[in-house]
Amino acid sequence: MSNSFIEDNDQTRARRERLEAIRSIVGNVYPNKFERSRVTGFEDTITAIIQKFKDGEPQVSEGARPAPEELERINAELNRISVRTSGRIATPPRVMGKAAFVHLSDGVSRLQIYVKKTDVRAVNNDTDTLIDEEGKGWELFNLLDHGDFIGVEGYLFVTRTGELSVHVRELQFLSKALLPMPDKVHGIADPEIRQRQRYADLIAGSLKVEREAGEMTPREIFELRSKVIREMRRFLDEHGYVEVETPMLTPLATGAAAKPFETYHNALGIPLYARIAPELYLKRLLVGGFEKVYELNRNFRNEGIGYRWNPEFTMLEFYCAYMDANGMMDFCEELLQTVLERVTGNRFIFRDAGNFQVSTHFARLSMKQAIAEAWAHNPFSALLGQDVDEEWLDDAFNAHTLAVFLRRASAENSMVDDEESEGLETDAETMEDYWHLAEEEAERALEEAGDAAETQAAQDIVEIFEKLVESSLIQPTFITDFPKPISPLSKASPFDPTVAERFELFIRGMEIANGFSELNDPVEQRERFLEQMRERERGDEEAMVLDEDYIRALSYGMPPAAGIGIGIDRLVMILTGKHTIREVILFPHMRPERKAKESEEREVEEG
RNA sequence: GGGCCGAUAGCUCAGUCGGUAGAGCAACUGGCUUUUAACCAGUGGGUCGCAGGUUCGAGUCCUGCUCGGCUCACCA
């Protein structure tokens, strides 16, 4: 039999040959079902059996063995209990002549089975009956490989070393692993295989013999993710929110600053875009009379891929009528802390505890305050003797100078190797040169900007914030008071017309949430959209697109409201201590897999 | 796209100064009727990512390429 899709080596050959030998004993090697018993009160999965009977194991210290009398007492009880259960063979069989031990896994837990040559009988899968012939059970067992699926029937007992086990009387073959299992000690090291072949990653996590303290298996990461999402829904439902689903394929890509994926609808004959944000649809629902709505689903952005970025990401977005951004910060904090408490049992503890403390309250800081504070602690600050405070930043020339300076300084730093960079940071002269160059550039830029000067200043402040502050916001911090020109869907602050009543939540240096008091004046909204369109014409590909229907909706009247988007993937990164988004997305997007042969063919074609 | 790092047995990795290709696990054969990453004895397994170059001799040095990781720039 040829399996061209399976690499041919000594391991795969042995497995294939044994599959044929198994076939000659049991008939159908891919039977359709295996019924598990219900002695635990539920379906007797391995986890159910472990949970129900594990407590019966005698308590002994590491390496010690339980007393024989105690074993006898426990086993007198357990031996009366028969179970039928099934799973993947999770260890290479430990065969000792005429008996063997092996562990079965259901992906979560593992249960040891004990197979004795004289006690085990095989099931014929064609007739679903026990095979009479002597020795067939043991013969079948010896053809099993690490990774195969089997079903067993037998009675419970505790071994001399004190481990709960099943003494197998019936053995049924259920499915073959034609590929060898990942290394039982090291698991899979190659991140590419782990992410591309998540199934192998999940198997490896369940088969790995030893784990480092605090190490989460992939299974546990994705179960935690599932719980986070479930608890978010529950919290919102409890607070009167209605979950809705709005279009993912949209005629306009708007509601956020991002490049969309484009596709084409044949029947309508129009382009459609994968949504970059559900925002404008959800606010149409506020117009329609929903006072509290949310959507928890995917958004798509046709941009770079990196440790914080996947082309599709999961966002919780919700809106609450009659609330402003300040109320939304309170609610967001309560939401996150409640979800955390329900998922992890702690109010706010991050997984890599080394960097995090328990925070009872999230800090709040205006963007310009945050910049001023960060600058005071920045090595460039002392070097240049330049003070930065909120008033200083209000000057467009100053803001642009600082933005350009940071751009130059960081570009220079990134070009230099860590080892060679000594002296660079302390080189005051170079830094002063950069500063003067930045000042010259700022002067020119201000002249050229003309009526776009306000937008330019806003972009400068944000750029300074991102370069200087963002990565240092480790503890949960709300940054407030965003410049208005870069917040086209947000209301202005009632205290400062140049500032949007908008906030972003940062944790571990990442933006986790973005919310604001929603702009509900259709006249001003239209103006803001038009300003965005002018930005687009100036070359900003990510400026928003005017949505006339949305303006019409606002014209029917939308109540004052606050809205927020919370990045679920990034939140899960923080909760699991993972440093790349690909670890918390089951099937992250990657470059298409190319085998060596194919790439050679490509080269020939292209060459 | 730029910079840095990597690719050796099925898996995880070592390989010194350029001199016959190594270990553990896995596989195979034999032994062992309560093991715990079982153990004991033995066996097989390599296009050292690909293509050139230097050299008497290259896993090792040089050049180009492929694939991957990290990182910087754009982006949530």
Side-chain angles (χ1 to χ4, degrees), chain A residues 6-15 17-18 63 65 71 75 91-103 110 112-119 138 145-147 157-163 165 167 179-193 195-196 200 204 207-210 256-259 276-277 299 301-311 313-315 407 410-419 466-467 470 504 506 510-514 541-542 565-570 579-582 590-591 593-600 602-603:
Chain A
I6 293 173
E7 192 187 343
D8 183 59
N9 58 50
D10 59 331
Q11 324 255 319
T12 56
R13 221 171 296 131
R15 282 168 185 264
E17 285 164 9
R18 276 193 292 274
R65 290 187 171 210
L71 276 183
N75 281 330
T91 52
R94 298 186 290 275
V95 182
M96 299 165 298
K98 297 186 177 68
F101 287 97
V102 66
H103 280 87
R110 39 175 69 210
Q112 181 166 262
I113 62 170
Y114 175 68
V115 180
K116 201 169 164 184
K117 182 175 186 179
T118 51
D119 290 354
W138 186 245
D145 282 300
H146 188 196
F157 76 110
V158 169
T159 63
R160 277 179 210 160
T161 53
E163 182 170 344
S165 306
H167 188 124
L179 290 170
M181 291 300 104
D183 188 294
K184 67 181 178 183
V185 180
H186 305 92
I188 302 173
D190 187 343
E192 193 197 348
I193 295 174
Q195 288 155 15
R196 224 185 260 290
L207 299 186
K208 215 169 157 184
V209 179
E210 277 181 2
K259 280 177 252 175
I276 55 176
N299 292 312
R301 298 192 184 174
N302 202 348
E303 287 159 352
I305 294 178
Y307 77 102
R308 294 187 270 171
W309 291 280
N310 194 58
F313 63 102
T314 300
M315 189 154 74
R407 211 180 296 159
S410 71
E412 182 68 24
N413 267 322
S414 69
M415 281 165 66
V416 180
D417 223 29
D418 281 340
E419 286 162 33
E466 284 170 358
K467 288 211 162 68
E470 193 170 322
E504 288 188 355
F506 291 85
M510 285 190 294
E511 183 194 333
I512 299 300
N514 178 9
E541 285 181 72
E542 284 157 14
I566 300 177
I568 302 299
D569 312 280
R570 290 180 177 182
H579 289 84
T580 157
I581 202 166
R582 294 208 282 228
M590 304 181 71
R591 200 169 277 128
E593 195 170 5
R594 266 216 279 160
K595 288 173 188 155
K597 228 185 220 171
E598 288 170 13
S599 64
E600 276 167 30
R602 264 178 77 103
E603 274 168 44

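Quick note on labels: first sequence line is chain A, next is B, and so on, each numbered from 1. Computed from a predicted structure; not experimentally measured.
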So, using ring-ring contact (aromatic ring centres under 6.0 Å, His included) as the criterion, who are the partners of A/Phe101 when residues are at least two apart? A/Tyr114
How would you label the contact of A/Arg15 with the nucleic acid (heavy atoms, under 4.0 Å): base, sugar-phosphate, or nothing? nothing
Would you tell me if any nitrogen or oxygen in the side chain of A/Arg407 comes within less than 4.0 Å of OP1 or OP2 on B/A73? no
Output the pairing pattern of RNA chain B as a dot-bracket string, 5' first, Watson-Crick or G-U wobble with both distances under 3.5 Å, | for cross-strand pairs, [ ] for crossing pairs. (((((((..((((.....[..)))).(((((.......))))).....(((((..]....))))))))))))....
Under 4.0 Å, heavy atoms only, any strand: does A/Asn75 hit a base, just the sugar-phosphate, or nothing? nothing
Atom-to-atom span, NZ of A/Lys116 to C1' of B/U34 - whole angstrom: 9 Å
Rounded to the nearest 0.5 Å, the NZ atom of A/Lys116 sits from the NE2 atom of A/His167 at a distance of 5.5 Å
Anything under 3.5 Å between a protein N or O and an N or O of nucleotides 38-41 of chain B, put it in a table, one pair a line.
residue, atom, partner, partner atom, Å
B/A38, OP1, A/Lys184, NZ, 3.2
B/A38, OP2, A/Arg94, NH1, 2.8
B/A38, N6, A/Val95, O, 2.8

Looking only at atom types and distance, does a side-chain atom of A/Thr91 sit under 3.5 Å from a main-chain N or O of A/Val102, one as donor and one as acceptor? no
Considering only side-chain heavy atoms of A/Pro191, which listed nucleotide, B/U35, B/G69, B/U33, is closest? B/G69
Could you check whether A/Arg13 gets within reach of a base, just the sugar-phosphate, or nothing at all, counting any heavy atom under 4.0 Å? nothing
Rounded to the nearest 0.5 Å, what separation is found between the NE2 atom of A/His146 and the CZ atom of A/Arg15? 8.0 Å
For A/Arg94, which residues count as a side-chain hydrogen bond (donor to acceptor under 3.5 Å, both in side chains) partner, sequence neighbours excluded? A/Gln112
In whole angstrom, give me the gap between the P atoms of B/C40 and B/U35. 15 Å
Under 4.0 angstrom between A/Arg196 side-chain N/O and B/G69 OP1 or OP2: no
Using whole Å, report how far CD of A/Glu163 lies from P of B/U34. 15 Å
Span that lies between the C1' atom of B/C50 and that of B/U8, in whole angstrom: 15 Å
Given the C1' atoms of B/G6 and B/C65, what is the spacing between them in whole Å? 16 Å
Between B/U55 and B/G49, how many Å separate the two C1' atoms, rounded to a whole number? 23 Å
P-based separation of B/G15 from B/A9 [nearest Å]: 15 Å
Less than 4.0 Å between a side-chain N and a carboxylate O, is that true for A/Glu466 and A/Arg407? no
Report yes if the side chains of A/Glu542 and A/Lys259 come closer than 4.5 Å at any heavy-atom pair, otherwise no. yes
Does any N or O donor sit under 3.5 Å from an N or O acceptor when you compare the side chain of A/Gln112 with the base of B/U35? yes
Taking the side chain of A/Ala99 as its heavy atoms from C-beta onward, which of B/U33, B/U34, B/A27 lies nearest to it? B/U33
Look at all strands and tell whether A/Arg582 reaches a base, only sugar-phosphate, or nothing, counting heavy atoms closer than 4.0 Å. sugar-phosphate
Taking salt bridge (Lys or Arg N to Asp or Glu O under 4.0 Å) as the definition, give me every residue that meets it alongside A/Asp190, ordered by chain and number, with sequence neighbours left out. none
Could you give the CG-to-P distance, from A/Leu179 to B/A26, as a whole number of Å? 18 Å
Find the distance between CD (A/Gln11) and CD1 (A/Ile6) and round it off to the nearest 0.5 Å. 13.0 Å
Per A/Lys467 side chain, nearest of listed nucleotides B/A73, B/U34, B/G24: B/A73
Strictly under 3.5 Å: I want the nitrogen or oxygen pairs between protein and nucleotides 42-44 of chain B, one per line.
residue, atom, partner, partner atom, Å
B/G44, N2, A/Asp10, OD2, 2.6

Does the side chain of A/Ile566 reach to within under 4.5 Å of the side chain of A/Met315, using non-hydrogen atoms? no
Distance, P atom - from B/A41 to B/A26, rounded to whole angstrom: 15 Å
Tell me if a side-chain donor or acceptor on A/Asp569 pairs with a main-chain N or O of A/Ile581 at a distance below 3.5 Å. no
Main-chain N/O of A/Pro191 paired with A/Arg196 side-chain donor or acceptor, under 3.5 Å: no
Euclidean distance for P, B/G45 against B/G52 (whole angstrom): 27 Å
Carefully, step by step, assess A/Phe313 and A/Asn299 under the rule side-chain contact (heavy atoms from CB on, under 4.5 Å). CA-CA 6 Å; A/Phe313 63 102; A/Asn299 292 312; 3.8 Å; yes
Using the P atom as the point on both nucleotides, what is the distance between B/C25 and B/C39, in whole Å? 7 Å
A/Asp190 CG to B/G6 P, straight-line distance once rounded to whole Å: 16 Å
